[in-house]
Amino acid sequence: MQDLQEKQVQGKEIDRLVAQYKSMPGALLPLLHAIQDSTGFIPETCYATIAQALSLSVAEVHGVVTFYHHFKTHQPGQHVLQICRAESCQAMGSANLEAHAKKCLNIDYHQTTDDRAITLAPVYCLGNCALSPAVMLDEELYGRVSIADLDALMLEAGASLAKA
Amino acid sequence: MTTKVYIPRDSSALSMGADKVALAIAEQAKLRGKQIDIIRNGSRGLYWLETMVEVQTDQGRVAYGPVQAKDVNGLFDADFLNGQSANASAHPLYLGLTEQINWLKQQQRLTFARVGITDPVSLDDYIAYDGYKGLKNALQLSGADIVKTVTDSGLRGRGGAAFPTGIKWNTVLTCQANQKYIVCNADEGDSGTFSDRMIMENDPFVLIEGMTIAGIAVGATQGYIYLRSEYPHALKVLNEAIDKAEKAGYLGEKICGSKHSFKLEVRRAAGAYVCGEETSLLESLEGKRGMVRFKPPLPAIEGLFGKPTVVNNVISLATVPIILDKGAQYYADYGMGRSRGTLPIQLAGNIKQGGLVELAFGITLRELLYDYGGGSASGRPIRAVQVGGPLGAFLPESQFDTPLDYEAFSSIWAVLGHGGIVAFDDTVDMAKMARYAFEFCAIESCGKCTPCRIGSTRGVEVMDNIIAGKEVAKNIKLVRDLSDTMLNGSLCALGGMTPYPVLSAMNHFSEDF
Ligand SMILES: NC(=O)c1ccc[n+]([C@@H]2O[C@H](COP(=O)([O-])OP(=O)(O)OC[C@H]3O[C@@H](n4cnc5c(N)ncnc54)[C@H](O)[C@@H]3O)[C@@H](O)[C@H]2O)c1
Ligand SMILES: Cc1cc2nc3c(=O)[nH]c(=O)nc-3n(C[C@H](O)[C@H](O)[C@H](O)COP(=O)(O)O)c2cc1C
Ligand code: SF4
């Protein structure tokens with residue numbers, strides 16, 4: 001549970017960002033990015049503030065947040081592990097990486113481990129296709145990833161791995 | 001004596017540990033009292049050799065690769081900084097003079113002329129290697145003459161649809177409006193493609209210059225780069241380069257002392273493939289859901305915020321400076337048929353030597369896969385190749401002699417698209433690939449039209465039945481009917497081209513169904 005104080009701080013930060021972005025043409029996406037960069041996700045509680053500042057309805061804000069895969073409506077784990085599912089990585093065995101990660105972390109895509117260390121997410125191309133299979137841990141990109149490499153990354157991110 | 005050492009900062013190189021290599025080299029140099037100057041250059045695009053480290057010699061740069069941090073000690077022991085010494089050339093990672101590596105030497109790098117050579121964020125480097133010569137020429141021409149030069153070069157949209165760039169610009173030029181925009185489509189959604197990313201990370205000024213020339217040509221004073229959110233490195237590099245260009249008077253008011261103004265801003269996308277489609281992209285830039293718009297009106301007439309807008313791919317725009325520098329004819333002299341100039345081709349998937357190959361149109365797939373690619377990474381036979389991204393057809397070995405040319409590809413019901421080539425070995429299950437094509441369309445559909453929204457989900461279910469061996473003949477017929485509906489009844493190419501991978505898989509690899 002998020003405590004009250006934390007929520008207030010978050011609210012203030014969001015107010016500050018709204019004020020900073022609201023006069024920009026086409027402000028909504030840059031604003032949502034700024035909020036997510038700062039708080040990790042887009043709290044539903046801020047839709048009304050955004051809507052009012054940009055003269056939109058709350059439903060419109062909700063519609064935009066949920067249209068884009070990048071925007072998260074819940075706080076993710078401490079680290080986000082993205083595994084590329086696109087064709088080039090499939091050709092190099094990404095399905096094995098995907099199955100291995102799900103099994104070891106004991107979660108499916110779009111889920112977070114119980115200890116909140118890792119959120120697992122699919123991604124459709126990281127632009128590292130000459131070095132498939134590729135994964136991204138937070139903003140770090142990795143290429144020609146083997147099962148052993150993936151284990152090392154998950155451990156580095158603080159995961160407690162279930163027996164494979 | 002200080003030796004220049006080049007270590008790429010391109011994100012694919014980083015993905016193979018380039019930062020760790022740079023750190024180790026700096027440490028060892030200090031420990032051993034060697035004077036070095038580390039330059040973080042772009043990648044040459046020989047990705048299987050990353051991290052590729054180069055050192056300056058009298059003869060040119062000498063390369064070593066693939067270097068890992070653990071190799072660094074041994075490289076120093078072999079006196080690698082002295083690239084011409086016998087010891088250095090005996091090192092197993094020694095590759096000789098970079099420019100003499102066949103894979104690179106045989107390429108025709110026009111758009112990628114500087115990539116890998118320069119420090120991406122050094123404006124001095126950019127200018128020293130012919131940067132901003134195109135803009136200088138453009139500033140002497142009328143808008144109509146710039147547009148004519150681009151038209152005469154034969155440049156066609158490198159985003160995939162291959163529409164003549166000059167003709168698109170002309171539509172915008174002839175529109176009367178108080179505001180026009182240049183929008184760079186940097187959403188690069190296609191799997192197997194990374195040439196846009198390479199330009200943005202490794203030679204960002206060439207894109208900035210291309211967009212500035214476009215602005216001057218059509219009378220637009222504001223530009224946006226709509227950048228894929230999966231490219232955090234490109235974001236940093238672009239912003240740094242834009243800042244430098246502004247400070248040096250290449251962006252902003254009165255560019256280079258002329259009467260022209262052009263401002264540029266990077267906007268981050270948010271992970272929706274359909275937002276690469278130009279009208280969906282414009283909706284997104286306006287702050288909305290990325291729902292595809294009906295065309296007409298074309299963006300060239302009613303685009304961003306309802307104003308005339310040039311929407312072009314990164315490569316199309318980054319190719320403009322060399323055309324304005326060397327002339328339309330110089331560019332048009334490369335290529336075959338109606339495909340003029342060069343194409344930055346991306347070799348990806350199950351391939352031994354993947355990377356960026358820029359060549360005149362006309363080279364065959366077979367030459368690319370074997371002479372450049374060196375065959376599959378797994379060592380097994382290459383069975384299928386998907387060209388042109390997730391909406392592109394799968395080609396069997398019998399079609400490997402097709403030359404890379406827009407018309408040659410259309411004539412075999414395939415697409416060249418953005419020039420991405422993804423190889424699969426003989427372990428691929430083409431029924432699963434057809435299923436994936438539907439699945440991807442279902443995940444990414446904007447939902448505006450029924451054939452795409454419903455058809456793709458239905459396609460997954462039917463493919464599941466085929467894979468499970470249920471009523472195969474009946475279900476194959478169903479997939480064909482469904483594909484037909486999607487081909488003819490979709491508003492945009494996401495729904496409209498998903499049948500390419502599906503039907504080509506069924507037609508050429510029927511044994512898997
Ligand atoms: N690069 C990628 O990552 C990627 C991803 C998916 C699809 N694609 C490609 O996208 C293609 C489809 O794109 P599309 O739907 O935009 O194609 P399109 O044929 O509708 O349009 C091509 C371009 O030409 C412009 N145009 C057409 N007629 C014009 C005129 N008379 N005046 C001025 N401009 C004019 C359009 O506005 C557009 O910019 C596919 O062929 C596919 O290869 C690329
Ligand atoms: C679903 C879909 C996705 C697309 N994605 C991209 C993309 O990521 N990059 C791109 O340049 N063009 C993409 N396009 C093509 C654009 O709509 C448009 O044709 C292109 O940006 C025009 O630029 P060009 O003429 O320079 O190629 C896509 C088209 C469709 C239908
Ligand atoms: S084909 Fe699909 S993505 Fe394109 S407009 Fe229709 S529903 Fe949207």
Side-chain angles (χ1 to χ4, degrees), chain A residues 21 24-34 36-37 42 50 54 56 60-72 82 84-95 121-145 149, chain B residues 11-12 14-16 45 47-48 50 188-194 196-198 228-234 267-273 275 284-291 304-305 346-351 354-356 377-378 386 389-390 420 422-425 428 433 436 440 443-444 446:
Chain A
Y21 281 90
M24 186 186 235
L28 188 51
L29 264 79
L31 174 59
L32 293 175
H33 274 295
Q36 181 157 305
D37 287 348
I42 319 274
I50 297 174
L54 300 183
L56 299 169
E60 281 171 307
V61 176
H62 177 265
V64 171
V65 173
T66 51
F67 181 86
Y68 296 97
H69 302 299
H70 179 80
F71 295 129
K72 299 186 181 68
Q82 292 181 298
C84 181
R85 286 198 68 209
E87 291 87 344
S88 176
C89 288
Q90 288 182 38
M92 290 299 283
S94 61
V123 64
Y124 298 87
C125 198
L126 294 163
N128 201 19
C129 324
L131 294 170
S132 288
V135 309
M136 200 175 220
L137 182 61
D138 302 324
E139 293 206 337
E140 293 299 318
L141 181 63
Y142 298 87
R144 290 268 196 254
V145 177
D149 296 335
Chain B
S11 60
S12 279
L14 296 179
S15 84
M16 299 308 284
Y47 280 132
W48 77 101
E50 293 292 0
E188 194 158 63
D190 283 2
S191 168
T193 69
F194 44 81
D196 296 350
R197 178 186 63 68
M198 284 188 75
R228 184 169 182 68
S229 58
E230 291 82 352
Y231 287 173
H233 295 285
R267 288 289 176 96
R268 284 158 77 189
Y273 178 76
C275 286
S284 182
L285 268 181
E286 291 180 9
K288 302 177 197 150
R289 293 158 68 88
M291 299 294 274
L304 186 62
F305 303 114
Q346 301 120 93
L347 290 180
N350 198 328
I351 196 89
L356 193 287
S378 59
Q386 189 178 29
V422 178
F424 293 82
D425 73 10
V428 67
M433 297 316 297
Y436 174 80
F440 183 71
I443 295 168
E444 301 295 339
C446 86

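No hydrogens, no waters, no symmetry mates; every other heavy atom, side chains included, goes into these values. Residue numbers begin at 1 in each chain, while the letters A, B, ... track the order of the sequences.
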Discussion item. So for A:P30, is it side chain, backbone, both, or neither that comes closer than 4.5 Å to the heavy atoms of chain B?
Written reply: side chain

Worksheet, complete the sentence: Bottom line for A:V123: the part with an atom under 4.5 Å from chain B's heavy atoms is side chain

So which atom in [X] and which in [Y] form the shortest heavy-atom distance, rounded to 0.1 Å?
X	Y	result
A:A86	B:Y436	CA-OH, 3.5 Å
B:K288	A:L29	O-CD1, 4.2 Å
A:A130	B:G355	CB-N, 3.6 Å
B:G349	A:M92	O-CG, 3.6 Å
B:S15	A:N128	OG-ND2, 3.0 Å
A:Y68	B:A270	CB-O, 3.3 Å

Nearest-0.5 Å distance, [atom1] of residue [X] to [atom2] of residue [Y]:
X	Y	atom1	atom2	result
A:R85	B:F440	CZ	CZ	10.0 Å
B:D190	A:Y124	CG	OH	15.0 Å
B:N350	A:S88	CG	OG	9.0 Å
A:H62	B:R289	NE2	CZ	9.5 Å

Side chain, backbone, both or neither: which part of [X] has a heavy atom under 4.5 Å from chain A?
X	value
B:M433	side chain
B:A234	neither
B:R267	side chain
B:C446	both
B:D196	neither
B:Q386	side chain
B:L356	neither
B:S11	both
B:Y47	both

Below 4.5 Å, heavy-atom pairs only: which of [options] has the largest tally toward chain B?
options	result
A:G26, A:C129, A:P133	A:C129
A:L28, A:L141, A:L126	A:L141
A:C84, A:A27, A:G127	A:G127
A:A134, A:S132, A:G63	A:G63

Is any side-chain heavy atom of [X] less than 4.5 Å from a side-chain heavy atom of [Y]?
X	Y	answer
B:V422	A:Q90	no
B:S229	A:F71	no
A:F67	B:S284	no
B:Y273	A:C125	no

Practice prompt. For the residue pair B:E444 and A:H69, confirm or rule out a side-chain donor-acceptor distance under 3.5 Å.
Written response: yes

What residue, out of [options], has the most heavy-atom pairs lying under 4.5 Å from chain A?
options	result
B:M16, B:E286, B:E50	B:M16
B:D425, B:I351, B:I443, B:L304	B:I443
B:C275, B:P390, B:G354, B:G389	B:P390

Worksheet item: Would B:E230 and A:H70 satisfy side chain to side chain donor-acceptor pair (under 3.5 Å), going step by step from the backbone distance to the final call?
Response: CA-CA 9 Å; B:E230 291 82 352; A:H70 179 80; over 6 Å; no

